[in-house]
Structure formats: structure tokens, C-alpha cells
Amino acid sequence: MVSYFTRLRVRRIYKWGGKPYNFDRKLKTYGFEYLNMSVEGQEAVTTVTPGQYILIEGNDDDNPFVAKLLKFFGDGESWFNSHKQKKALVQWFLRLSEVPQNKMLLLGRSPHPQEIFYYLGRACDDEINAESILGTVHVRQDNSPASVVPVYSSFFPFCPELRKGLRNSVCFPIQATPSTPRTPCHATPSTPRTPRHATPSIPSRTVPARQPGNILEEARARLHVSSVPESLPCREQEFQDIYDFVESKVMDGTGGCMYISGVPGTGKTATIHEVIRCLQHASDMDEIPTFRFIEINGMKMTDPHQAYVQILQKLTGQKVTADHAAALLEKRFSNPTPKKETTVLLVDELDLLWTRKQNVMYNLFDWPTRRHARLVVLTIANTMDLPERIMINRVASRLGLTRMSFQPYSFKQLQQIITSRLIKVKAFDEDAMQLVSRKVAALSGDARRCLDICRRATEICEHSASHPSSAGLVRMSHVMEALDEMFSSSYITAIRCASLQEQLFLRAVIAEFRQLGLEEAIFQQVFVQHQALSRVEGLQPISVSEGLAVCQRLGACRLLLLEASHLDMLQRVRLNVSQDDVLYALKAVRD
């Protein structure tokens, strides 16, 4: 008969030492200073305290896991009820056998078989069952100046020869995945966690960014739309009104909504960001209570209900389904919570959150009216009368009457914006700056379009010079060339060369968009606008079949995006070019 070696398993008893010393209101857990361990049938008691190195049960009894104990915690019942689960927070370490062979080459030396390494990965759960701890161990840290990362010798009793051999060892950072999952075998099964650092990060620069080589390069960098100016000119009154509104809500601990409208490029989002920056500075100086700022953009969502998911994820870090997120947010903004901070929510591109039942908009506007919500909602859209156009009464009533409209920039304001960005940088001739300001102000008043034209003019000026360092000021000829490039694309050429009915159909599309407040319409609605414009222009209205043919030709030229559907009258229509380009091309044709 074959005999097998068996190991007698012992039963350990775990008890908290002392009373809880703190209470986490968010997690509803108590913190404990130490844990007493004893073996059944023996009188010896081992005390485990945070900061010690411990052994944790693993899949192999001969090779337990190694970790550093950070803290103990558990619920209130675990203090007097030994059957309640006790938890511990640890920092994992790797054995030599758990490091992949391809990572061993990073050491540059032969490690000792009993050496352990600091684990930098996030794949393991750092919360364990405290009753899976086997005991404490002694770990010696090599504090030699040559060490990049501390070297930890083994936890077994080591002889003087081993101490002497490890004294001058050096270890480099190793980021490896252990060969076996670091979940104690007696731990309570739990849902696997999503890695907290799953999103790839942009590596840091190895060399500093290149400094501008001349005046034009510096001007081009300052005129970029992503460049943050020192101040926001021409929006002082709007800034003050938004600042007073948000500050009063944060000071009083109440909620509210504000609807902000204006055509693109009028500084709506930039003004709100500047308001939040100033309020956060005031909060850091203890002038106002602390608050939390989150931002969502309807353009970045595939479905309006994803707004719930993004808001909850930015508030709590949880990522759940849209329905579950809506329920959790409903509970969060309805129930009172001690020491709840005010939340300031910025909703950009509000019109893209429209649904047939409008439940997303309703909830966003209804939550601030709750007594314990402490939620301030700032909404941005391009249409001034969007609430009256697309919102039903119960949604518009929740939005309230606090509204603000950003008017398009005049040519003097655009000129002031350019001048404020080019302080102490003489790169533009005065006439050239006035020309680009007047051109853009007459078309749309879009500050971003004005900055793009100025940046292109600096490039043309630099390329026209014999040497980049000898380039002079940007003059009117450079600005005119940049304007021709900006407003003479292939799309604009196609619009100018289109037939009269096709140009009239494009005007009907824009008119319908402005009436709806959306960037999408149905052919039937556009056709009604087309017939009305035909009568105004004194033209004979075309038939439905002719209107469909006109629409199909514009779709074939990619001036329109048409829905692939057999429902001709109900197919959806979108512009494939900006409205500014269409208006510019049509204006040039009429002139």
C-alpha cells in the first residue's frame, strides 16, 4: 500500500484587539488597531498590527502569498461577533517564482531565490479576508543608496552568509503579473473589479517642447483655440451674471438651473470654465464652501441616456448601466446626506440629449428642485428659444426662467480678442487685423473662425518670406489669401455651382434647422420650407418627386447626409458642411 504524506491543518481563531478607533460614514465600516491570532488548543497569541509583513493563504501551502498590512476594518457587528467577516487592506509583493521570465531580464543580475519584489500592478484586489492571514514575518529592507527600488530579502531565517550576499544587491522596478491570482483561498467570492487604470495614458515628454523661433510662431501659438488666455475680453457682464448665480447657490446650499444660448464661437463654454476656475480658487481660500464640478457633452455620447452613466461615473467612479445609473442618481439627489457638497453640472450641447419622451432632460432639470439635491445645472445650446421649440411643458417648467444669451461678436470685439492674445507681440498690421474682424463679424461672429484665419495668415506670411527669420508683419494680402482658402473649399465651390433649386433647398434645410433648434430634419419638413421660399422668391414651387431628385443630387455631392431608407418623405436630412460655409457661399452667389 502506497503511503502519502499528509499535513495536519490547524484551526486559527481571530479576534479584534481593542475597540474601533474610527468610523467611515461612506463605506459604513469601522477601523481597528490590531488583530489577535491564536491556534486552537494553544495559549500563545500573536498580535498583528498595520505596517507588519504578513503571510496569506494561497493555492500552495508551501508558498503562501507575501504582503504588507496597511489597515484593518470591518462592520460594527464583527467587533462582538466573531463569525462576521473581518477585512484588511494590503500591499502585495511577488516571489521570484511569480515573476515572468521576460521580466527577469530587466533586473540585470541574478536574484536570490528567497528575494521578493514590490508589486506595482492593479490586477489584484488589495482587500482580503483578515482570517486568511497565517502570521507575521520579518523582512529586511536594503537601504543602500544604489537601490532604485527597495530590496526585500526572504521572510525565512537567513544565515550570516546570506545577509552578507544581500547587503550590496540592487533591484530595479518590475511590473509583472503573478502566475497565480492573488485571492486567498478562503476569501468570500466577489465580483471582479475593473482595473482602475485601464485607460492608456500619454507618455511624458522626453525633451522639452520647442520654443517659438520667431514672432510669427509665437503669435500662431497664442492664437490657437486651445491656448488659454489670461482673461476673457468682451464677456465681462456674462461672466459676472453666471458667477453670481453659481456663487449664491453654493453659499446657500440650494440647487438651480440656468439655460445659456448663443451661436457657436461666442465664448459660452470658455466663460463658464473661467467662472468655475475663479470659484474653485475662492473655495481654496475658504471664501465659499467646497463644491464639485463635472461636465458632460451631448456631442460625445452615442445615446442621450449615457448622460446618467457619465454623471455617476464622475461623481462616484462607478460604471453601471444607464437604467441603474439613473436609479442611483435619483436616490443620491433625493435623500439627505450629512456633509454633502454642492455639485455643479455643466451640460454642453443640450439639444443632443433630446428624446421622444424627454425623460433625460426632465430628470436633469428636476433634480436641482429637490430639497436635498444641492445640484446646480448649467446648460448650453445654440438656439435661444430651444425650450419653447422642442421641450414639452413639464420639462420647460423645470428649467425655469433663468436664461442668458451670448450675442455674436461684433468686429470691434473680435479685434479686441485678437489684440488681447497678442499682447507685446507685434505680428499683425492694423488694417489686416481689422479686415479679418469685419469679414468674420459680417458672416457669423465666430471667434474660433477668426482665430483660425489669423493663424493661417501667419503661416502664409512666413512661407512667402525668403527666410522664416526675415518674415515681416501679416498684411492685408496675407489675410485675403487666408480668407480665400478658408471660404473657397470644394464644398463652397460645389454650392456656388449648384442649380437654383439646389441652392434654394440648402436654404430651406438651414431654415428648418433654425426653426427646430436641431441639426437634423425630415425631408417632408424641409420640402414645406422649400415651397415657402419659392413663393417668396417668385418661383414656381416644384413637385414632391422633383424635390426628392434635388435632395438626392445634393446627397450624391456629399453636401447633405441622407438616411438610407425607403421612406422618401420621412427620411432624415443632415448638412455635411457647416451652416456658415453654406451661408457664405449663397451670399456670394446673391451678391
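Just so you know, residue 1 is the first one in the sequence shown, and it goes up from there. All values below come from the heavy atoms of this structure, side chains included, with hydrogens, waters and symmetry mates left out.
Glu236 CD to Thr271 OG1: the interatomic distance, rounded to the nearest 0.5 Å, is 9.5 Å. To the nearest 0.5 Å, atoms CE (Met258) and NZ (Lys249) are separated by 9.0 Å. In this structure, CG in Leu350 is found 8.0 Å from CG in Leu399, a value given to the nearest 0.5 Å. Asp429 contributes atom CG, which lies 9.5 Å from atom OG of Ser477 (distance to the nearest 0.5 angstrom). Summarising the geometry, atom CD1 belonging to Ile522 is positioned 9.0 Å from atom CD belonging to Glu563; distances are rounded to the nearest 0.5 Å. The CG atom of Leu352 sits 8.0 Å away from the CG atom of Asn297 when rounded to the nearest 0.5 Å.
Taking every heavy atom of both residues into account, Gly265 and Asp446 meet most closely at CA-OD1, 3.0 Å. Between Tyr409 and Cys234 the shortest heavy-atom distance is CE2-CB, 4.1 Å. Closest approach of Pro408 to Gln413, counting heavy atoms only: O-OE1, 4.1 Å. Heavy atoms only, all atoms of each residue included: Ile418 and Ser437 are closest at CD1-OG, 4.0 Å. Taking all atoms of both residues into account, the shortest heavy-atom contact from Ala447 to Ile417 is CB-CD1, 4.3 Å. In plain terms, the two heavy atoms of Asp351 and Met361 that are nearest each other are CA-CE, 4.3 Å.
A 6.0 Å sphere centred on CE of Met301 holds more than 12 heavy atoms belonging to other residues, nucleotides or ligands. In the displayed structure, Lys426 atom NZ is contacted under 6.0 Å by more than 12 heavy atoms of other residues, nucleotides or ligands. Environment of NE2 in His281: sparse, with no more than 12 heavy atoms of neighbouring residues, nucleotides or ligands closer than 6.0 Å. Shown here is Arg558, whose CZ atom has no more than 12 heavy atoms of other residues, nucleotides or ligands within 6.0 Å. Other residues, nucleotides and ligands contribute at most 12 non-hydrogen atoms within 6.0 Å of the CG atom of Asp323.
Lys340 places no side-chain N or O within 3.5 Å of a backbone atom of Arg374 that could act as its donor or acceptor partner. Checked by atom type and distance alone, the side chain of Gln306 never pairs as donor or acceptor with a backbone atom of Asp303 at under 3.5 Å. Counting only distance, with no hydrogens or angles, the side chain of Gln503 and the backbone of Ala498 share a donor-acceptor pair below 3.5 Å. At distances below 3.5 Å, not a single donor-acceptor pair connects side-chain atoms of Lys439 with backbone N or O atoms of Leu483. Ser248 contributes a side-chain N or O that, together with a main-chain N or O of Phe245, makes up a donor-acceptor pair within less than 3.5 Å.
Remark: the Thr269 side chain and the Asp348 side chain contain an N/O donor-acceptor pair separated by less than 3.5 Å. Side-chain contact check for Gln529 and Gln515: at least one donor-acceptor pair (N or O, by modelled atom type) lies under 3.5 Å. Under the 3.5 Å distance criterion, with hydrogens and angles disregarded, no donor-acceptor pair is assigned to the side chains of Asp284 and Gln280. Under 3.5 Å, the side chains of His530 and Gln501 contain a donor-acceptor pair of N or O atoms.
Ring-plane geometry between His273 and Phe293 is classed as perpendicular, the angle between the planes exceeding 60 degrees on a 0 to 90 degree scale with a lower cut at 30.
Results of the side chain to side chain contact (heavy atoms under 4.5 Å, CB included) test with Phe523 over Leu570, Val528, Leu548 single out Leu548 as the only residue that passes. In summary, of the residues considered (Asp581, Val582, Leu559), a side chain to side chain contact (heavy atoms under 4.5 Å, CB included) with Tyr491 occurs for Leu559 alone.
Using a 4.0 Å cut-off between charged nitrogen and carboxylate oxygen, Glu274 and Arg235 do not count as a salt-bridge pair. In this structure, Arg292 does not pair ionically with Glu341, as no charged nitrogen and carboxylate oxygen lie closer than 4.0 Å. Look at Arg370 and Glu330 and you find a salt bridge, because one of the NZ, NE, NH1 or NH2 atoms lies within 4.0 Å of a carboxylate O, short of that distance.
With a 4.5 Å cut-off on side-chain heavy atoms, Leu560 and Leu575 count as touching. Between Phe428 and Val436, every side-chain heavy-atom pair lies at or beyond the 4.5 Å cut-off. Between Glu462 and Arg220 the shortest side-chain heavy-atom distance falls below 4.5 Å.
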- Message: Pair Leu422, Leu223 - check side-chain contact (heavy atoms from CB on, under 4.5 Å), show working.
- Response: CA-CA 8 Å; Leu422 297 179; Leu223 291 171; 4.1 Å; yes
